[in-house]
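This report concerns only the one structure given below.
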2 protein chains.
Amino acid sequence: MRAALFHGEGEIAVEDVPDPTIEEPTDAVVRITHTAICGSDLWFYRGQREFPTPGRVGHEPMGVVEEVGSEVTHVQPGDRVLAPFWISCGECEFCRKGLHTSCVDGDSWGGEMTGAQGEMIRAPHADGTLVRIPDRYADDEDVLEAALPLTDVMCTGHHAAVSAGVEAGDTAVVVGDGAVGLCGVLACRRLGAERIIALGHHEDRLEIAEEFGATDTVAARGDEAVDAALDLTDGGANHVLECVGAESSMDTAFQVARPGGTVGYVGVPAGVDEAAFLETAFGDNVTLAGGVAPVRAYVDDLLADVLQGTLDPSPIFTKTVDLDGVPEGYRAMDERDAIKVLVKP
Amino acid sequence: MRAALFHGEGEIAVEDVPDPTIEEPTDAVVRITHTAICGSDLWFYRGQREFPTPGRVGHEPMGVVEEVGSEVTHVQPGDRVLAPFWISCGECEFCRKGLHTSCVDGDSWGGEMTGAQGEMIRAPHADGTLVRIPDRYADDEDVLEAALPLTDVMCTGHHAAVSAGVEAGDTAVVVGDGAVGLCGVLACRRLGAERIIALGHHEDRLEIAEEFGATDTVAARGDEAVDAALDLTDGGANHVLECVGAESSMDTAFQVARPGGTVGYVGVPAGVDEAAFLETAFGDNVTLAGGVAPVRAYVDDLLADVLQGTLDPSPIFTKTVDLDGVPEGYRAMDERDAIKVLVKP
C-alpha cells in the first residue's frame with residue numbers, strides 16, 4: 001500500500017510500504033477513507049519535536065474495517081469506523097475512568113506504528129479504540145466529514161471547555177484560533193455558554209469562530225489582547241480555554257482568567273519552559289486543568305450530536321487533498337494557507 | 001511601641017517605632033498577644049525575595065482590640081481577635097466568593113504596613129479582617145495557641161487539601177514536612193482521608209506528621225521519595241498536597257499524582273522557573289489547583305473545631321520567644337532548629 005512518511009524537517013513523501021496485517025488477535029485492519037493533517041503534526045514537520053525518520057504520520061483515522069483478529073467482537077469487516085488519536089484498551093482503570101489517554105496499554109498512531117495518512121492502518125485494541133458509525137450514516141459524506149474531527153480536534157476543544165468548567169450561562173474566553181480553538185468555541189456553545197470571547201490573530205479564522213458561536217472576537221496579540229478581554233469581561237472570565245500550547249498563550253490565558261477561575265488547557269505544551277504563568281495562577285487561585293484530551297471518553301456523546309445534525313465542526317476543513325496531496329497539505333498548514341486539511345486517500 | 005524590623009539579609013532587629021493609630025474609620029488597633037514566624041518570612045530573610053528595608057515583619061496576628069474606628073461594628077475594645085495573613089474587606093465579589101486573597105481592597109501585613117511581630121498593629125478593614133474569639137475562650141492559653149495557626153499555616157494546609165479534592169476515604173500524598181505540610185496532614189485527617197502519606201526530609205518532623213494522622217511517612221528526596229510514594233499507592237495518589245513551593249517539590253508532587261488526579265499547591269512558588277511539571281501534568285491530565293490560601297474563608301469552620309477541642313495544630317510550635325527573641329526565632333527557623341516559632345510579645 002502507499003502511505004505518507006516523514007523524512008525530516010519539512011519533508012513528507014508518499015511511498016510504498018508493506019500492507020498492515022493482523023498481528024494480535026485484538027487487532028483490526030482498516031482501509032482509510034478520510035483522515036486529516038493536525039496542527040500538532042506541524043511540530044515535528046517544523047523540527048520542533050523529535051519524531052522517527054522515516055516515520056509514519058497521521059493520527060486521525062476514519063475508514064472501513066477490512067479484517068479483524070479472532071478476539072475482536074465490537075466491529076466487523078465492512079463497518080465504517082473512526083478512531084481517536086490515542087489507542088486504548090477500553091478495559092483498564094483509566095479507560096473505565098474516562099481517561100483513555102492514560103490507558104495502561106495505550107499507544108499513539110504513527111512513528112513506528114502505522115499512521116492514518118496512508119491507505120490502511122493496523123488498529124491495535126480494536127474493541128477499545130474503534131468507534132463504529134451506524135450503517136444508516138456510514139456513506140453519508142456530510143456526516144462523515146462532520147464526524148472526522150471527533151478523532152482529535154473537536155474532542156480536544158471539548159476537553160478544554162469541560163476542563164475549564166464551562167456550563168450553561170457562563171462566560172468563556174477561548175485563546176487560539178486554530179482548529180482546536182475554533183472547536184473550543186463550538187464546544188462552549190454546545191455546553192450553553194452565554195458569552196464566548198475568541199482571541200486570535202486571523203480575521204478569517206475569527207469569522208469561523210463567530211459562525212461557531214463566538215459572541216465577541218479579538219484580533220490582537222499579547223497585552224492588547226489581554227486588555228481587550230479584561231475589558232469585555234470586566235476583569236476576567238471564570239472559564240478560559242487555552243488551545244495553543246505556547247508560552248505566550250499560556251500567559252495570556254492566565255492573565256484573562258478571573259480570580260478563582262479555571263484555565264482548561266489542551267495545547268501540547270511546546271516551548272513552555274518558564275513557569276511565569278504560575279505567579280498569576282498562585283496569587284489569584286486560578287486552576288490549571290486539562291491536558292491531552294481523552295477523546296474516546298467524549299466520542300459517543302459528541303457523535304450523537306453529529307448524527308442528529310446539531311454539531312458540525314467540518315468548516316475547519318478549508319482544504320481537501322488526496323493521499324498524493326498530503327505533502328502539499330502540510331505545506332498549506334505550515335504556511336497558514338489552510339486551517340485544517342482533510343485527506344481522502 | 002516596639003516592633004521587629006527587617007534590615008536586610010539575615011538582619012532582624014527589635015526597635016522603637018511610632019504607635020499605630022486609627023487612620024480610617026474602618027481601622028482597629030490591636031495589641032498583639034500572640035504571633036508567629038512563618039516559613040515564608042525566611043524568603044526575604046534569606047535574601048530570596050524583595051522586601052522593604054527597613055520593613056515591618058510578621059503576618060500572623062492575634063491579640064486584644066485596643067481601639068476601633070467609628071465605622072467598625074464587628075469587634076470592640078477588649079475583644080480577643082486573630083487575623084488572617086491577608087487583609088480583606090469582607091464585602092467585595094471575591095470576599096463573598098470565599099476568595100479573600102483576591103479582595104479588591106486587600107493588602108498584606110508588614111513592609112510599609114504594621115507587622116504582627118510587634119506590640120501593636122493597625123488593622124485596616126477591621127470588620128472584614130478580624131475574627132473574634134468568643135469571650136469564654138478568650139483567655140484559655142491552650143485554645144489561643146491552637147487557634148493561632150489559623151492565621152496562616154493551618155488554613156494554608158487546609159487549602160492544599162481542599163484544592164487537591166481530599167474527601168472521606170481518599171488517599172492523599174503530602175509533599176513537605178514544614179509547618180504547612182504538617183497542617184496539610186492534619187487537614188487531610190480532618191477531611192476523612194483514609195490514607196495519608198507524608199513525604200519529607202526530617203525524622204522529627206515526620207514524627208509530628210504521624211501524630212497528626214499520617215499513615216505512612218517517607219524520609220527521602222527526589223526519585224527515592226517518588227518511587228516510595230508510587231509503591232505505596234500502586235502508581236500514584238489522586239490527591240497530592242504540594243506544601244513547599246520549590247521547583248523540586250512541584251516536580252515531585254506531579255510525579256506522585258495518579259493520572260487524572262489533582263495537585264493542590266499552596267507553597268508560594270519560589271524559584272519554580274521551569275515548567276517541567278507541565279509535561280507530567282499534560283500527559284496524565286493532572287490538575288493544578290490552589291494558590292495563596294484564602295484563610296478568612298476557612299477560619300470560622302476550623303475555629304469551630306479548635307473550640308470544640310478536635311483540632312490542635314499547636315505542636316508545630318517547637319520554640320517560643322518574646323518580642324526580643326524574634327531575631328533568635330528567625331535564626332532558629334533558618335537553621336531548622338525550630339519548625340515554627342511562637343512569639344508572645
Side-chain angles (χ1 to χ4, degrees), chain A residues 86 92-104 106 108 159 162-165 234-236 238 242 245 247 250-251 254 257-294 297, chain B residues 86 92-104 106 108 159 162-165 234-236 238 242 245 247 250-251 254 257-294 297:
Chain A
W86 194 257
C92 71
E93 170 191 348
F94 301 108
C95 286
R96 286 178 200 275
K97 198 175 172 175
L99 196 63
H100 301 73
T101 40
S102 291
C103 173
V104 298
S108 56
H159 187 52
V162 169
S163 299
D234 193 21
N238 284 313
E242 198 289 310
E247 201 167 270
M250 201 71 146
D251 291 344
F254 277 91
R258 201 169 195 81
T262 302
V263 172
Y265 76 127
V266 292
V268 188
V272 187
D273 296 324
E274 291 185 27
F277 66 86
L278 264 190
E279 201 176 314
T280 319
F282 187 84
D284 279 323
N285 276 271
V286 178
T287 295
L288 176 67
V292 58
Chain B
W86 193 259
C92 71
E93 170 190 349
F94 301 108
C95 286
R96 286 178 200 274
K97 197 175 171 175
L99 196 63
H100 301 73
T101 41
S102 292
C103 173
V104 297
S108 56
H159 187 51
V162 169
S163 299
D234 193 21
N238 284 313
E242 197 288 312
E247 200 166 273
M250 201 71 145
D251 291 345
F254 277 91
R258 201 170 195 83
T262 302
V263 171
Y265 77 127
V266 292
V268 189
V272 185
D273 297 324
E274 290 184 27
F277 65 87
L278 265 191
E279 199 175 317
T280 319
F282 187 85
D284 278 324
N285 277 270
V286 178
T287 295
L288 176 67
V292 59

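Just so we're on the same page: letters track the sequence lines, and every chain starts at 1.
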*Would you call the rings of A:Phe277 and B:Phe277 parallel, tilted or perpendicular, where under 30° means parallel and over 60° means perpendicular?*
tilted

*B:Val266 portion near chain A, given a 4.5 angstrom heavy-atom threshold*: backbone

_At a heavy-atom distance under 4.5 Å, which candidate from B:Gly235, B:Gly98, B:Pro294, B:Gly267 has the highest pair count against chain A?_
B:Gly267

_Residues forming a ring-ring contact (aromatic ring centres under 6.0 Å, His included) with B:Phe94, sequence neighbours excluded_ = none

*With only heavy atoms counted, which part of B:Leu278 is less than 4.5 Å from chain A, the side chain, the backbone, both or neither?*
both

*Heavy-atom distances under 4.5 Å only: say whether B:Glu247 touches chain A with side chain, backbone, both or neither.*
neither

*Work out which heavy atom in B:Pro259 is nearest to a heavy atom in A:Lys97; give both atom names and the distance.*
O-NZ, 3.5 Å

*Relative to chain A, which of B:Val272, B:Val292, B:Leu99, B:Thr101 shows the most heavy atom pairs under 4.5 Å?*
B:Val292

_Counting only non-hydrogen atoms closer than 4.5 Å, does B:Asp273 touch chain A with its backbone (N, CA, C, O), its side chain (CB onward), both, or neither?_
backbone

*asked:* Between A:Glu279, A:Met250, A:Glu93, who has the most heavy-atom pairs with chain B when the cutoff is under 4.5 Å?
replied: A:Glu93

*Short question: side chain of B:Asn285, backbone of A:Ala293 - any donor-acceptor pair under 3.5 Å?*
no

*When B:Thr287 is tested against each of A:Thr287, A:Thr262, A:Leu288 for side-chain contact (heavy atoms from CB on, under 4.5 Å), which residue passes?*
A:Thr287

*Atom of B:Ser102, atom of A:Asp284 and distance for their closest heavy-atom approach*: OG-OD1, 2.6 Å

